[in-house]
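Worksheet for the structure shown next.
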Number of protein chains: 2
Amino acid sequence: MPAPVTLKSLAAATGFSVTTVSRALAGYSDVSPSTRRLILEEAERRGYEPNLLGRLLQGQRSQTIAIVMPTSGPQFPDPFFAQFVAGVGVEAAQAGFDLLLSPQDSSSELEAYRRLMTARRADGLLLIRTRADDFRIRYLTETGVPFVSFGRTDSVAHTAWIDVDGVAGQKALTSHLLELGHRRIAYITPPGGLMFTRFRLQGFREALAESGVAADPALIIEAGLSEQAGKDTAMLLLERPEPPTAIVAGNDLTAIGVMHAVRARGLRVGDDVAVGGYDGIPASEHLNPPLTTVYQPVFEIGQLAARSLLAIITAQPARDLPVLVRPQLLARASTLGTHSQRGGGALD
Amino acid sequence: MPAPVTLKSLAAATGFSVTTVSRALAGYSDVSPSTRRLILEEAERRGYEPNLLGRLLQGQRSQTIAIVMPTSGPQFPDPFFAQFVAGVGVEAAQAGFDLLLSPQDSSSELEAYRRLMTARRADGLLLIRTRADDFRIRYLTETGVPFVSFGRTDSVAHTAWIDVDGVAGQKALTSHLLELGHRRIAYITPPGGLMFTRFRLQGFREALAESGVAADPALIIEAGLSEQAGKDTAMLLLERPEPPTAIVAGNDLTAIGVMHAVRARGLRVGDDVAVGGYDGIPASEHLNPPLTTVYQPVFEIGQLAARSLLAIITAQPARDLPVLVRPQLLARASTLGTHSQRGGGALD
DNA sequence: CAGGTCATCCAAAACGTTTCGGATTTATGA
DNA sequence: TCATAAATCCGAAACGTTTTGGATGACCTG
């Protein structure tokens, strides 16, 4: 292990003080050209790299942003999260920031935030899955920690968010089904506290209202966002005397569960029962049949969230938050029917 | 922003010196029990967290492990990586370690390692996608950095690895196809330098040899691990005068591309052309038709890798590395034919 | 020649932590 | 009683950097 090259060793080698070496390298004007050249040469020759820690300790920055993932057990593999993280990571790397992942079950989540910030481990935070009354947002706002959330909230005035327009998204999907002639449309709504749940439900209702279709409360069921939850709920729906002709799931994972249930009842997805998802994960295109869903550009959202957070951290002029992104309806065979799937050409 | 709680502020509050506060919190024996209690209480009350930077600068551990992801652009969303990261994250969190993600294109990868370690950002590293001659492993071994790799290497003596038995996996899949009567089996092999490429190819060849089938070099084509690469390569294969009856892809993503190509040629996957993948990503089960693949327990591998790395970092008694995990063949409709898919019950 | 302006340099403090070596007090043993 | 050991505490240095507030001469101006 070679002795590290520090400002001190450079100072000793060149005969100048640590201060002068530091300022020469930083490009200050109170160093004579000849001195600067000498120091730069020496630094170059010995391969000097500033020690990040010294620099950070001095400036009280860690050059790191963190994402706390609310997860219990091996649950994170939701492709939705993965893409968001990827977007954030790429953007952060570009700015020379590192990305800290902190998987925490929700009970210890607040503790995780506190620890990250008081240990000055991260300069800012990214939040996902916001809630109407979100204790995390309240806490972070109170303590003045820089953060950006993917999702809105009601709990406090908070504008550093970026979100996808759930009302428009769900409305587009539901209208699509209504246009196809469906009247008994079931909606498996995501867990109550989550903010996007409310918007999507609103979109669902608005679409029905605009078509003059009465919303049947019995067709709106709350369930988790897992495949299993989708399957179980769909089973219950299909066992009814008057089963729905279309089932809209809370996300794509849930929709996969619904598709299983439909098939298990001996029905054909897309022909006998239409199924809709939400998120537009990559796999949705390759499902059997391809899933009609609402695409959210999560990777790009991750990038934008990271960029905005970095701007806030470095206290740059106000950025363009909040942002409401418009999602995109992807109509595929799970609602259009499998005849269209045979077209083949649609895949290219 | 409240004034940060530091050793100094705790010292002022309790009336002891910074040294004593530090040693009390660290559990040294030269602090009287009553003093320690007092200091601990005060630290607790004010929510003291040691500043990571100060501690690191001093030359201590960072309680962090890092994964450098070799990625160009928005490529990381490979579910395979995501699951690995999830496994690592969960295990690290349990030990009180944080996980640093550092996405880098391969050109700057070595630089990333150097930066992470000289700045002592991380106590250890996790490597993925090893190569036969892996400059990263050579560098890390030379500098004595604690690390564990997912995959073997030839470049240096290195035993801190965990890998999946690619020979056995590919052999099982190929034998499966041979048993179904296939003789013209194409193999889209992953990029050359990668270590697992060699093992899988060996498994492919061994299976053929054991069945007395001559390996046709024209049926072995090297391609990238993307969906597009799979599609392009399969197109070429299917255009030949004597097309293969089965195509084995380098991973599941590539297999999806192959399936597209097969369909684009007007052929039925599983009936006209058998398709095999590798990895066993969650989506593989829900493809159209479900994909025959070789399952690798990536999440668990991530956990084990993290556990082992933590053991190495804390210089605990030698752990049980290296480990060679046995993968599992998942035979599904993409090779068995779609008639079996109609069974329906198989889904439950 | 006195006063002022520049150009160039540097000592010291600061960030928060750990640790080395000693200092002070109290208890122990002969 | 005196020396010795043990218990408890702390000052100061160190890690590598940046920044503040001068200091030192050289040069100009009047």
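In what follows, chains are A, B, ... by sequence order, proteins preceding strands, each numbered from 1. Keep in mind the model is a prediction, meaning the values are calculated, not measured.
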A:Leu56 CG to C:dT17 P: how many Å, rounded?
15 Å
Whole angstroms only, please: what is the CD-P distance between A:Gln58 and C:dC15?
9 Å
Would you kindly compare B:Arg55 and A:Gly54 by the position of their nearest DNA chain C nucleotide and give the one closer to the 5′ end?
A:Gly54
Take a 6.0 Å sphere around CD of A:Glu111 and say whether it holds more than 12 heavy atoms from other residues, nucleotides or ligands.
yes
With a 4.5 Å heavy-atom cut-off, do A:Pro322 and A:Arg152 have their side chains touching?
no
Rounded to whole Å, CG of A:Leu7 lies from P of C:dA11 at a distance of 14 Å
Less than 6.0 Å separating the ring centroids of B:Phe84 and B:Phe299?
no
Working to the nearest 0.5 Å, report the span between CH2 of A:Trp161 and CE of A:Met195.
9.5 Å
Rounded to the nearest Å, what distance is computed from the CZ atom of residue B:Phe16 to the C1' atom of nucleotide D:dG11?
16 Å
Hey, can you pull the residues of residues 17-34 of chain B with a non-hydrogen atom under 4.0 angstrom from DNA chain D?
B:Ser17, B:Thr19, B:Thr20, B:Asp30, B:Val31, B:Ser32
Going from CG on A:Asp30 to CZ on A:Arg36, what distance comes out if it is rounded to the nearest 0.5 angstrom?
8.5 Å
Would you say a side-chain N or O of B:Lys8 is under 4.0 Å from OP1 or OP2 of C:dC15?
yes
To the nearest angstrom, the CG-C1' distance between A:Leu53 and C:dT18 comes to 15 Å
Measure the distance from CZ on B:Arg36 to P on D:dC9 and round it to the nearest whole Å.
10 Å
To the nearest Å, give me how far apart CG (A:Asn51) and C1' (C:dT17) are.
14 Å
For a quick check of understanding: with a heavy-atom distance under 4.0 Å over all strands, which category does B:Leu57 fall into, base, sugar-phosphate or nothing?
base
Distance (rounded to the nearest 0.5 Å) between A:Ile39 CD1 and A:Leu10 CG:
8.0 Å
B:Tyr48 side chain N/O closer than 4.0 Å to the phosphate oxygens (OP1, OP2) of C:dT17?
yes
Step through it carefully: locate the ring centre of B:Tyr139, locate the ring centre of B:Tyr113, and say whether they are under 6.0 Å apart.
no
Interatomic distance, A:Ile39 CD1 vs C:dT8 C1' [rounded to whole Å]:
12 Å
